[in-house]
Amino acid sequence: MTESQPTESPEPAAPPNGDESGEGLDATDTTHNVRELSNVPSVEVISRAAVMLMSAAAEKLGLAEEDPDDSPVRDLDEARRLITSLAGLITASVEYLGPHAGALRDGLQTLQRAFREASSEPDPPGQGPGEKYTGPVH
């Protein structure tokens, strides 16, 4: 048995009243969007959520900047929350992720290490972001 692969959906049509803002959407349009989401395999939804959490955590750690220490968006408190949420999602979903699990775990550990390096006073082993789910990361 093979897992069905999601297909690219075409560009959304303009709302019926021609308003590009989307204010003209009716119940039929909303139902159509819900039906499309119901066709997406759960592993893809979980993976997309994990990638979004990873990306947001990396941004909050300043990793998108040339010098993370000077990043104007660096916020370690926010990064901690995102990394902990990511750790919970990956830990709870690992049995469903198949070949994606290894890459997601590696990404999580990279973020946990980057957090430790960015902290002026690193957390004790086992108390860093997400470590209650993953165990200590050194």
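These numbers come from the heavy atoms of this one structure, side chains and all, not from hydrogens, waters or symmetry mates.
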Do the side chains of Thr84 and Tyr133 get nearer than 4.5 Å, heavy atoms only? yes

Could you check whether any side-chain heavy atom of Glu59 comes within less than 4.5 Å of a side-chain heavy atom of Leu82, counting everything from C-beta outward? no

Between CZ on residue Arg113 and NE2 on residue His138, distance to nearest 0.5 Å: 9.5 Å

Shortest non-hydrogen pair, Val94 vs Ala101, comes out as CG2-CB, 3.9 Å

For a quick test of reading the model, state the closest non-hydrogen atom pair linking Ala50 to Leu86 and the distance between them. O-CD1, 3.6 Å

Glu131 versus Arg116: any side-chain heavy-atom pair under 4.5 Å? yes

Is the side chain of Gln112 donor-acceptor paired with the backbone N or O of Pro129 at a distance under 3.5 Å, no angle test? yes

Tell me the closest heavy-atom pair linking Ala49 and Leu89, and the distance in Å. CB-CD2, 4.0 Å

State the CG-CZ distance between Asp75 and Arg81, to the nearest 0.5 angstrom. 8.0 Å

What's the shortest heavy-atom distance between Gly126 and Pro136, and which atoms? N-CB, 3.8 Å

Distance check, rounded to the nearest 0.5 Å: Leu97 atom CG versus Ser42 atom OG? 9.0 Å

Quick one: are Leu61 and Glu117 in side-chain contact, heavy atoms under 4.5 Å? no

With no hydrogens and no angle check, is any side-chain donor or acceptor of Ser71 less than 3.5 Å from a backbone partner on Val73? yes

Which atom of Thr134 lies closest to which atom of Ala87, heavy atoms considered: CG2-CB, 4.0 Å

Return the minimal non-hydrogen interatomic distance between Leu108 and Met54, and the atom names on each side. N-CE, 3.8 Å

